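Worksheet: one structure, shown below.
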There are 2 protein chains.
Amino acid sequence: MKRSPHEIKYSEGTLRMARFAKALGHPVRIEILKFLAEQSCCFTGDLVEIFPLAQSTVSQHLKELYEAGLIRGKIEPPRVRYCIHEENWKKARDLFADFFQKQELG
Amino acid sequence: MKRSPHEIKYSEGTLRMARFAKALGHPVRIEILKFLAEQSCCFTGDLVEIFPLAQSTVSQHLKELYEAGLIRGKIEPPRVRYCIHEENWKKARDLFADFFQKQELG
DNA sequence: ATCTATCATCGCAAATAAACGATAATCTTT
DNA sequence: AAAGATTATCGTTTATTTGCGATGATAGAT
């Protein structure tokens with residue numbers, strides 16, 4: 001994109017929420033999170049079996065979720081166990097809940 | 001992207017939520033929605049004054065929000081009044097609430 | 001009929017995202 | 001030391017997003 005001359009200054013909450021939302025902006029990532037929430041945890045390979053996607057693609061989606069802070073990864077060689085990042089999960093839940101509640105008052 | 005041979009089949013709720021989330025995936029769109037939720041409605045020009053973005057850019061963000069179903073637009077020549085799409089707003093609120101609640105049970 | 005105001009759309013450029021196969025990294029087991 | 005299993009990362013391709021200025025569309029006002 002053609003960058004703007006002056007960066008816009010956003011609140012911490014807005015940036016945080018946009019980050020979470022962006023990670024949730026792909027159906028496969030929502031499905032991964034749903035699966036994780038049910039199983040509590042799983043390995044990368046489990047997801048590769050479930051979704052008709054290349055292993056590298058699944059890994060990349062996991063990276064997105066990880067960098068957004070929605071999941072944790074624990075190395076258990078040679079595998080990696082991914083779980084919901086509960087603290088940030090609650091943070092996200094609260095951010096979205098507060099956000100969507102705003103209109104209700106009016 | 002290099003397209004997959006077979007499309008993945010997602011549930012309606014997942015697709016709907018991903019669509020909403022994608023629209024919320026940019027800080028400026030979150031700010032616009034916050035503003036709309038406070039004001040209940042506003043014109044495009046109001047937003048152009050608030051945000052240091054070109055008019056065409058603001059218009060494009062509004063289009064995104066509109067196509068995601070989060071806002072309504074009512075033509076009041078020569079202006080357009082945008083408001084929260086209350087029905088879909090509630091739909092989104094419920095989708096995100098249900099989604100984030102899943103982990104709480106475990 | 002022309003002018004003005006407001007907004008959308010077009011066309012462009014740069015950046016990011018999404019998918020893949022191939023390769024590298026890591027730790028266990030042999 | 002070598003082999004296996006699992007996953008991350010790299011490099012590439014195509015698609016989408018983000019931003020801008022310029023142009024087009026629409027309806028009220030002159």
Side-chain angles (χ1 to χ4, degrees), chain A residues 1-10 14-15 18-32 36 41-68 70-83, chain B residues 1-10 14-15 18-32 36 41-68 70-83:
Chain A
M1 58 186 152
K2 226 176 281 177
R3 302 290 275 82
S4 192
H6 35 48
E7 290 290 314
I8 302 181
K9 188 64 185 159
Y10 300 105
T14 293
L15 287 173
R19 192 81 175 79
F20 286 139
K22 202 165 143 192
L24 296 173
H26 192 294
V28 111
R29 291 196 289 263
I30 289 183
E31 291 293 333
I32 288 174
L36 276 180
C41 291
C42 79
F43 300 109
T44 306
D46 300 335
L47 299 169
V48 174
E49 286 179 7
I50 294 175
F51 298 102
L53 294 171
Q55 179 267 323
S56 59
T57 303
V58 171
S59 187
Q60 199 172 324
H61 282 302
L62 287 170
K63 187 182 179 186
E64 289 255 347
L65 292 171
Y66 180 84
E67 290 180 343
L70 288 167
I71 62 175
R72 290 175 176 285
K74 190 183 177 195
I75 299 179
E76 298 183 8
R79 302 185 288 183
V80 181
R81 182 189 298 274
Y82 284 103
C83 312
Chain B
M1 58 187 150
K2 226 176 279 176
R3 301 289 276 85
S4 190
H6 34 50
E7 289 291 315
I8 302 181
K9 188 63 185 161
Y10 300 104
T14 293
L15 287 174
R19 192 79 176 81
F20 286 139
K22 202 165 142 193
L24 296 173
H26 192 294
V28 109
R29 290 196 289 266
I30 289 183
E31 291 293 334
I32 288 174
L36 276 180
C41 291
C42 79
F43 300 109
T44 306
D46 299 334
L47 299 169
V48 174
E49 285 179 7
I50 294 175
F51 299 102
L53 294 170
Q55 179 264 322
S56 59
T57 303
V58 171
S59 187
Q60 199 170 327
H61 283 302
L62 287 169
K63 187 182 179 184
E64 288 255 348
L65 292 171
Y66 180 84
E67 289 180 344
L70 288 167
I71 62 175
R72 291 175 176 286
K74 191 183 176 194
I75 299 177
E76 299 183 8
R79 301 184 288 183
V80 180
R81 180 188 299 274
Y82 284 102
C83 313

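Keep in mind that this is a model prediction, so the values were computed, not measured. All chains are named by letter (A, B, ...) in the order of the sequence lines, taking the proteins before the strands, and each is independently numbered beginning at 1.
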Next item on the list: Spell out protein contact along nucleotides 7-13 of chain C as letters: B when the base is contacted, S when just the sugar-phosphate is, - when no protein heavy atom is under 4.0 Å; keep the 5' to 3' order.
Entry: BBB---B
Value in whole Å for how far the [atom2] atom of [N] lies from [atom1] of [X]:
X       : N      : atom1 : atom2 : result
A:Ile71 : D:dT7  : CD1   : C1'   : 13 Å
B:Phe51 : D:dC20 : CZ    : P     : 13 Å
B:Leu53 : D:dG21 : CG    : C1'   : 14 Å
A:Leu47 : D:dT7  : CG    : P     : 9 Å
A:Leu65 : C:dA17 : CG    : C1'   : 14 Å
A:Ile32 : D:dT7  : CD1   : P     : 13 Å
A:Tyr66 : D:dT9  : OH    : P     : 10 Å
B:Glu76 : D:dG28 : CD    : P     : 12 Å

Check: Could you state the interatomic distance from CZ (B:Arg19) to CG (B:Leu70), rounded to the nearest 0.5 Å?
Finding: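 The distance works out to 9.0 Å.
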Donor-acceptor pairs are to be reported for all side-chain atoms of residues 41-62 of chain A against protein atoms at under 3.5 Å, with residues two or more places apart or in another chain.
from: A:Asp46; atom 1: OD2; to: A:Phe43; atom 2: N; distance (Å): 3.0
from: A:His61; atom 1: ND1; to: A:Arg29; atom 2: NH1; distance (Å): 3.0

Notebook entry, point to check: Of all residues at least two apart in sequence or in a different chain, which pass the side-chain hydrogen bond (donor to acceptor under 3.5 Å, both in side chains) check with A:Glu64?
Noted result: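 A:Glu64: no side-chain hydrogen bond (donor to acceptor under 3.5 Å, both in side chains) contacts found.
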Item checked: Partner residues of A:Tyr66 under the side-chain contact (heavy atoms from CB on, under 4.5 Å) criterion, sequence neighbours left out ->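 side-chain contact (heavy atoms from CB on, under 4.5 Å) check on A:Tyr66 returns A:Ile71.
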Notebook entry, point to check: For A:Thr14 and B:Pro27, which heavy atoms make the closest approach, and how far apart are they?
Noted result: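 Looks like CG2-O, 3.7 Å.
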Check: What heavy-atom pair brings B:Ala23 and B:Leu65 nearest, and what distance separates the two atoms?
Finding: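 That closest heavy-atom pairing would be O-CD2, 4.0 Å.
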Item checked: Proximity to DNA chain C (any heavy atom under 4.0 Å), residues of residues 21-30 of chain B only ->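 Heavy-atom cutoff 4.0 Å gives no residues at all.
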Next item on the list: Please tell me which of B:Glu64 and B:Ile75 maps to the more 5' nucleotide of DNA chain D, matching each residue to the nucleotide holding its nearest heavy atom.
Entry: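 Going by which nucleotide is closer to the 5' end, it is B:Glu64.
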Note to self: Is there a side-chain contact between A:Leu24 and B:Leu24 in this structure, where contact means two heavy atoms from C-beta onward sitting under 4.5 Å apart?
What the structure shows: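 The answer is no; the side chains never approach within 4.5 Å.
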Note to self: Side chains of A:Val28 and B:Tyr10, heavy atoms from C-beta outward: is any pair under 4.5 Å?
What the structure shows: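 A:Val28 reaches B:Tyr10 side chain to side chain.
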Using distance only, find each side-chain donor-acceptor pair of residues 74-81 of chain A under 3.5 Å and give its atom names and separation, not counting sequence neighbours.
from: A:Glu76; atom 1: OE1; to: A:Arg81; atom 2: NE; distance (Å): 3.4
from: A:Glu76; atom 1: OE1; to: A:Arg81; atom 2: NH2; distance (Å): 3.2
from: A:Glu76; atom 1: OE2; to: A:Arg81; atom 2: NE; distance (Å): 2.9

